[in-house]
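Heads up: the structure comes next, in structure tokens.
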Amino acid sequence: MNTSALPRPSADLSALREQVASCPRAPRTVLPFGIAALDDILADGGLNGAGLHEIAGQSATLNDDAATTLFAAGIAARFASERGADVLWAATTFDLYAPGLEQAGLAPDRVLYGEGRKDRDVLAMAEDALRYGTLACVVAEVKAADMTATRRLQLAASDSDTPILLYRRHRSRGRCPMTAPSAAMTRWRIGCLASERPPWAGLGRPRWQIELVRQRNGKFFTLELEACDAQGRLALPAAPGNRTASPRSTVATERAVTHAA
Amino acid sequence: MREMGRRSEHADHPFRAMPPDEGGGQIVAFGAPVAIVLARRPTVLVIRTGQRDVVSAACPLAQSLGLTRGMAAAHARALVADLEVQDAEPEADIVFLDRLARHAARQWTPTACVSGPDGLWFDLTGSTHLFGGEERFCRRLLAFLARLGFSARIAIAGTPGAAHALARFGREIITLLEPGREAEAIAELPLTALRLEPGALQSAARFGLERVADLYPMPRGPLARRLGLKTVERLDQARGSLAEPIVPVVPRDAPQVGRQLLEPVGTPESIAQVIGDLVADLVAALRTQGLGARTVLLTCERVDGEAQRLVVGASRATRDEQHLMRMFALKMGELDPGLGIETMGLAAPHCEPLGAQAVGALLEARGQRRDIASLVDQLTARVGSSALFRISSEESDVPERAARRIAPLDLAKGWPQWKRPARLLRRPEALSNVLALMPDHPPRRFTWRRQDYRVVAGDGPERIHGEWWRNDREMWAVRDYFRVEAEGGLRFWVFRRGDAVEESTGDLSWYMHGVFG
């Protein structure tokens, strides 16, 4: 047995390891939010463009539901403008108001709506659309999706390099839909917050509490952000000037800080 | 009849010079297939010309009451009190005539075409003997049209022009003209029978020319100068000294392929295999014809003689084998093979021309829209055709009317940038206990769905007026929309009926219409 041959393979192996370490990861499309505070905490430095992301409202109220819708619309709009392709929005009960979605950046010639009779139809449409592979993003609204369904969606998304946003509606008041297990890359909960009072009589830019409940290879956190603009971009609220902040927003900021810590 | 004046000499048309195999070159024209209306009330169809409605067709009952074509609709109404008046549909008439011409080209003669808005021309040269002679053919044609619900007049003559004139203005329902007697036969007909232009007809009326025979003795030079060269041409065409070829319609059969199976098949795999073979054959047939299929029909004949049908539709003309297979695979569960299928056929009843595609569209350039037509077909096959749509703007300021569904491949247009909620309530819900300053302030507090809200800030009003052209209730109606934020960051879209100044604009009740994120 030739013992002198032994060290050489290990040297080759370490050289290979170095090569593997030095070569960049497989190119994945990642959509950063453009907000350092958010992108730094996300494991991929943004939303993975080949994965399943789940979102839900913080409560069953219509306000949180609308905020969640706009959050999804903003992300879909940014995927659509980056990839120059269409978005499929599949739902069971169709009560979306397209002019409102357009103000979150999702232009009507970019969205294809699908209306299924049951959750099963919506999930099947979403999977077909993912496997098709030429869409920029798929948004699916469901009430229930079990582990099998989410795993199928995740596999289809990673195969075709198309992101899917699974919007889980509240089934009953006071029970978070995020308690069920899922194969999603990230899980978000969106809630409405009081907007900052502008110096004139009127409404300021809406604010949301964005809570990342779970992510693969990363921590959960809570952040207060300003709502989508006409291109679907979120923003970090400006530091309050010399005015006193409203009590609710102070509480929320404190909570955000403690969660982040 | 003696002809005066000079005649310019023509070379004979080669087809006219050919010796016809029976009698002469025969053209049948049958004009004015009028639908027989089996109604008790006299009925006329009207068409709008310029500023007035003109009768374009009248049923036999109406004709017996003295209503004729070209009469003003108001005049007709005045003459007959109980008159049924309907709008004419010239496009639909042309489409039907075209179908009739295609049927004729398949069944009776290879050369058939539509002539004018109300007639057809067949070149019957050498084909009437197949139907027992000219007269029997004409009777057969009349019976055929009567079964379809039409009355018709038929003339067989040596030239298309003469046949056209005799079919419309001749005395008999069926006119058979011996070859060479066209000039004589049409001599007593009015000038309109010659298909002259309106200007030529007017000047002819000024010169006192009424019948076709009036034109025969006139010198050709002055005739052409006064009534136009076209008139001389029409006259020559009707008399047969100038050729008038017919441009025939080309009948097209739907591409069709089929397989007789050696043994009946019943398993999904074998059925899929046969469908795959058939699709490949059909695609080859479509490619040679330069067509793409919009609808593909699969027919399976079972051993017990029952036929099973499966239809798939494409939103855009396609001859993509994989795409068609994918759509059939989604629908194959509906097939019931029973004891086995022994014959399978595939046809494309609805096709559209589909040329070669530029390669540029196939390269996946960044920023270029990629085609989603086949995805639309796939999803439609899965969930139904009404389930997939886009939303486009409608020209209305009333929020619930501003959006409408359009087909998934149509182009959608956007909306003006007024603030709108992400989800709209199905119908506005009334608010109670509203406390608000009139006229221009958002509410301070309100109760909605049994919950009280205290408003922190608001924006508005955005005033939207009712659409008075839709109904009377909206004549003066006004909605003032406000965006309000309640305590806890809850943002709503509420409106008040009425502008709080004029009472006719609304009763000042408040409604919730949508929720902002």
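Chain identifiers are assigned alphabetically (A, B, ...) following the order of the sequence lines, protein sequences preceding nucleic acid strands; residue numbering begins at 1 within each chain.
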Output the option from B:Ser392, B:Pro421, B:Ser386 having the highest count of non-hydrogen pairs under 4.5 Å with chain A.
B:Pro421

Compare every heavy atom of A:Pro108 with every heavy atom of B:Ala412, then report the nearest pair and how far apart it is.
CB-O, 3.7 Å

Region of A:Leu88 that comes under 4.5 Å of a non-hydrogen atom in chain B
side chain

I'd like to check B:Trp418 versus A:Pro99 (side-chain heavy atoms, cut-off strictly below 4.5 Å). Are they in contact?
no

Is chain B contacted by the side chain of A:Ala124, its backbone, both, or neither, given a heavy-atom distance below 4.5 Å?
both

Is any side-chain heavy atom of B:Phe492 closer than 4.5 Å to one of A:Asn63?
yes

If the contact rule is any heavy atom under 4.5 Å from chain A, which residues of residues 433-442 of chain B qualify, in numerical order?
none

Under 6.0 Å from the CG atom of A:Asp119, do we count more than 12 heavy atoms belonging to anything else shown?
yes

Check: B:Pro399 main-chain N/O paired with A:Tyr97 side-chain donor or acceptor under 3.5 Å
yes

Which atoms of A:Ala107 are under 4.5 Å from chain B, going by heavy atoms: the side chain, the backbone, both sets, or neither?
neither

At what distance, to the nearest 0.5 angstrom, does CZ of B:Arg449 lie from CG of A:Leu62?
5.5 Å

Non-hydrogen atoms of chain A under 4.5 Å away: do they reach the side chain of B:Arg426, the backbone, both or neither?
side chain

Chain A contact via B:Arg404 - which portion, at a heavy-atom distance below 4.5 Å:
neither

Any idea which of A:Asp121, A:Thr69, A:Leu112 has the most non-hydrogen atom pairs under 4.5 angstrom with chain B?
A:Leu112

So which part of A:Arg131 gets closer than 4.5 Å to some heavy atom of chain B, the side chain, the backbone, both or neither?
neither

Approximate separation, where rounding is to 0.5 Å, of A:Leu203 CG and B:Arg491 CZ:
8.0 Å

Report the C-alpha distance between B:Leu388 and A:Met125 in whole Å, list the side-chain angles of each, state the deciding distance to 0.1 Å, and finish with yes or no for side-chain contact (heavy atoms from CB on, under 4.5 Å).
CA-CA 10 Å; B:Leu388 224 58; A:Met125 273 203 279; 4.2 Å; yes

Could you give me the CA-CA distance, side-chain angles and deciding distance for B:Phe516 and A:Leu70, then say whether side-chain contact (heavy atoms from CB on, under 4.5 Å) is met?
CA-CA 9 Å; B:Phe516 287 98; A:Leu70 287 178; over 6 Å; no

Checking B:Lys413 against A:Asp109 for the side-chain contact (heavy atoms from CB on, under 4.5 Å) test, could you report, in this order, the C-alpha distance in whole Å, the side-chain angles of both residues, the deciding distance, and whether it holds?
CA-CA 7 Å; B:Lys413 286 182 292 182; A:Asp109 59 336; over 6 Å; no

Check whether any side-chain heavy atom of B:Val383 sits under 4.5 Å from a side-chain heavy atom of A:Arg117, and report yes or no.
no

Side chain, backbone, both or neither: which part of B:Arg382 has a heavy atom under 4.5 Å from chain A?
side chain

Please name the pair of heavy atoms, one in B:Gly517 and one in A:Cys192, separated by the smallest distance, quoted to 0.1 Å.
C-SG, 3.9 Å

Residues passing the ring pair (Phe, Tyr, Trp, His ring centres under 6.0 Å) test with B:Phe495, sequence neighbours excluded, are B:Tyr481, B:Tyr511, B:His513

Given heavy-atom pairs under 4.5 angstrom as the criterion, report whether the side chain, backbone, both or neither of A:Phe94 touches chain B.
both

Need one label for B:Ile406: side chain, backbone, both or neither, based on atoms under 4.5 Å from any heavy atom in chain A.
neither

Could I get the full list of side-chain contact (heavy atoms from CB on, under 4.5 Å) partners for A:Ala126, not counting sequence neighbours?
A:Val138, A:Ala140, A:Leu153, A:Ile164

Could you state the interatomic distance from CH2 (A:Trp200) to CG (B:Asp459), rounded to the nearest 0.5 Å?
9.5 Å

What is the ring orientation for B:Phe389 with A:Tyr113, classed by angle as parallel under 30°, tilted 30 to 60°, or perpendicular over 60°?
parallel

Just to verify, what does A:Phe79 make a ring pair (Phe, Tyr, Trp, His ring centres under 6.0 Å) with, not counting sequence neighbours?
none

Non-hydrogen atoms of B:Ala457 and A:Gly202 that approach each other most closely:
CB-O, 3.7 Å

Mind running side-chain contact (heavy atoms from CB on, under 4.5 Å) on B:Ile372 and A:Thr134 for me, showing each step along the way?
CA-CA 7 Å; B:Ile372 59 161; A:Thr134 64; 4.2 Å; yes

When heavy-atom pairs shorter than 4.5 Å are enumerated against chain A, which of B:Gln417, B:Lys419, B:Glu485 gives the highest number?
B:Glu485

B:Gln378 side chain to A:Ala129 backbone, donor-acceptor under 3.5 Å:
no

Rounded distance (nearest 0.5 Å) linking atom CZ of B:Arg420 with atom CG of A:Leu101:
13.5 Å

Taking NZ, NE, NH1 and NH2 as the nitrogens, is one of them in B:Arg390 or A:Asp86 under 4.0 Å from a carboxylate oxygen of the other?
yes

Treating A:Asp128 as the side-chain partner and B:Leu375 as the backbone partner, does any N or O pair qualify as donor plus acceptor under 3.5 Å?
no

